[in-house]
Amino acid sequence: MGEILVFGHKNPDTDSICSALVKANLENKLGKNVKAVRLGNVNKETQYVLDYLKIEAPEFVSNIENGTEVMLVDHNEFDQSADNIENLKILSVTDHHRISNFHTSEPLYYNAKPYGCTNTLLFEEYKANNVEIDYKIAILMISAIISDTLLLKSPTCTKFDIDAFSELEKIAGIDARDYGMKMLKAGTDLSTYSATEIVNLDAKEFTEKGKKFVVAQVNTADIDDVFSRKEELAFAMEKEINDKGLELFLFVITDIVNTNSKIIAMGNLKGVVEKAFNKKLDSDDSMFLEGVMSRKKQIAPPLLANLD
Ligand code: MN
Ligand code: MN
């Protein structure tokens, strides 16, 4: 039996990278030969975590041999997975997203719960298997929970995430709120990125009712600071629309301090965006969304519901 690969979604966030490392650790402790890999670049927030722990990022893979056994974490939609996912053998999925564009030819383990973070599900998998969580694994897990729930403030955050956070903070022996603010801040530094890099940092592709669209998101402590680059961001979004044949590119700038977002919409489906949020786009194609910070819970569902 060859090596099993475990990976999160394309344009990986902290949860995708940490989930892969954590899941590999768990499965290796259970006697399987599993290696964490990634399908894209490591962002600055995640790099902060890896540097803090002095560990290497999972290896980048662009070409996985057909027939390879894989475990998916933090995603299931094939649009967000390895290019040849149809030809890989999916052994398991651990995920907290809607299930869509997913099918297998053989039975598999599928652990899905509507928690705020994949690592909260993995936390339960450690418990269920009686495997001890060491200091480094605890930091990886708590980092992912902080990232996905924006330090427990997102509407996606559940009681289970909070419980895991508290227990992991004890194992890690750190002040997780202080650590978390530093980690989130590291992720808001967009100064060294080109507009194309920014719109792809945390971009997720969806296909629904035959329509392909992308919702991308960045975190910031100052929306105006990011929005000051609107012209070049819009240009980069138009290019993505043309290159990928998208009906819509929605760019979400989320203020992690005040928990609001400003969105920029480009493409044919601007009307769907207006219907979804019951509000007109401003003349510069932007819209302010009070209290909105979750793509998964507050942005994707109304968009999907208004597609026709
Ligand atoms: Mn993710
Ligand atoms: Mn996640």
Side-chain angles (χ1 to χ4, degrees), residues 6-24 26 36-50 57-58 60 70-82 85 92-102 110-125 137 139-158 160-162 164-165 168 180 183-184 186-187 199-206 214-219 250-252 254 256 261 293-301:
V6 55
F7 48 84
H9 52 78
K10 282 181 175 164
N11 303 323
D13 53 12
T14 298
D15 191 25
S16 267
I17 297 288
C18 293
S19 292
L21 291 166
V22 167
K23 179 73 171 171
L26 172 63
V37 294
R38 63 185 159 93
L39 303 180
N41 294 331
V42 172
N43 67 33
K44 286 186 191 171
E45 181 193 280
T46 311
Q47 193 59 51
Y48 180 91
V49 179
L50 299 174
F60 172 73
V70 298
M71 296 176 164
L72 306 189
V73 286
D74 198 35
H75 76 297
N76 68 81
E77 299 193 41
F78 284 5
D79 289 334
Q80 300 166 7
S81 199
I85 188 70
S92 76
V93 177
T94 308
D95 186 30
H96 65 135
H97 293 89
R98 73 173 191 150
I99 300 171
S100 184
N101 295 319
F102 180 86
Y110 202 115
N111 183 9
K113 281 175 191 153
Y115 292 177
C117 180
T118 300
N119 272 273
T120 304
L121 279 88
L122 291 171
F123 177 76
E124 292 183 347
E125 289 188 8
I137 294 297
I139 299 259
L140 288 170
M141 289 176 138
I142 207 165
S143 299
I145 294 172
I146 290 163
S147 175
D148 268 16
T149 67
L150 296 174
L151 249 174
L152 312 181
K153 283 192 293 192
S154 170
T156 57
C157 185
T158 67
F160 305 97
D161 302 296
I162 296 167
F165 177 94
L168 291 166
M183 185 200 88
L184 290 173
V199 301
N200 282 296
L201 269 178
D202 179 11
K204 279 202 179 143
E205 196 174 301
F206 299 88
V214 165
V215 183
Q217 188 170 29
V218 292
N219 291 338
L250 196 67
F251 184 65
V252 183
T254 298
I256 57 171
S261 294
M293 57 198 316
S294 168
R295 167 173 46 201
K296 190 193 327 197
K297 207 160 181 166
Q298 296 168 298
I299 296 174

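We count ligands from 1, going down the list as the structure has it; atoms in each ligand are counted the same way. The figures that follow rest on heavy atoms only: side chains count, while hydrogens, waters and symmetry mates do not.
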Handout entry: Distance-only polar pair, side chains of D15 and N119, donor-acceptor under 3.5 Å
Key = yes
Exercise for the section: Indicate whether any N or O donor in one side chain lies under 3.5 Å from an N or O acceptor in the other, for N76 and D95. Expected result: yes
Handout entry: Minimum-distance N/O/S atom that H9 presents toward the Mn ion (ligand 1)
Key = NE2
Practice task
Answer yes if the side chains of T14 and T46 hold a donor-acceptor pair under 3.5 Å, and no otherwise.
Solution key: yes
Handout entry: Any N, O or S atom of H97 closer than 2.8 Å to the Mn ion (ligand 2)
Key = no
Handout entry: Step-by-step ring-ring contact (aromatic ring centres under 6.0 Å, His included) determination, Y110 to F102
Key = CA-CA 12 Å; Y110 202 115; F102 180 86; 5.4 Å; yes
Handout entry: Which N, O or S atom of D74 lies nearest to the Mn ion (ligand 2), by name
Key = OD1
Practice task
Could you verify whether a donor N or O on one side chain and an acceptor N or O on the other, from H9 and S81, lie under 3.5 Å apart?
Solution key: no
Problem - N, O or S from D13 under 2.8 Å to the Mn ion (ligand 2) - result: no
Handout entry: OD2 (D148) to the Mn ion (ligand 2) to OD2 (D15) angle, given to the nearest 10 degrees
Key = 80°
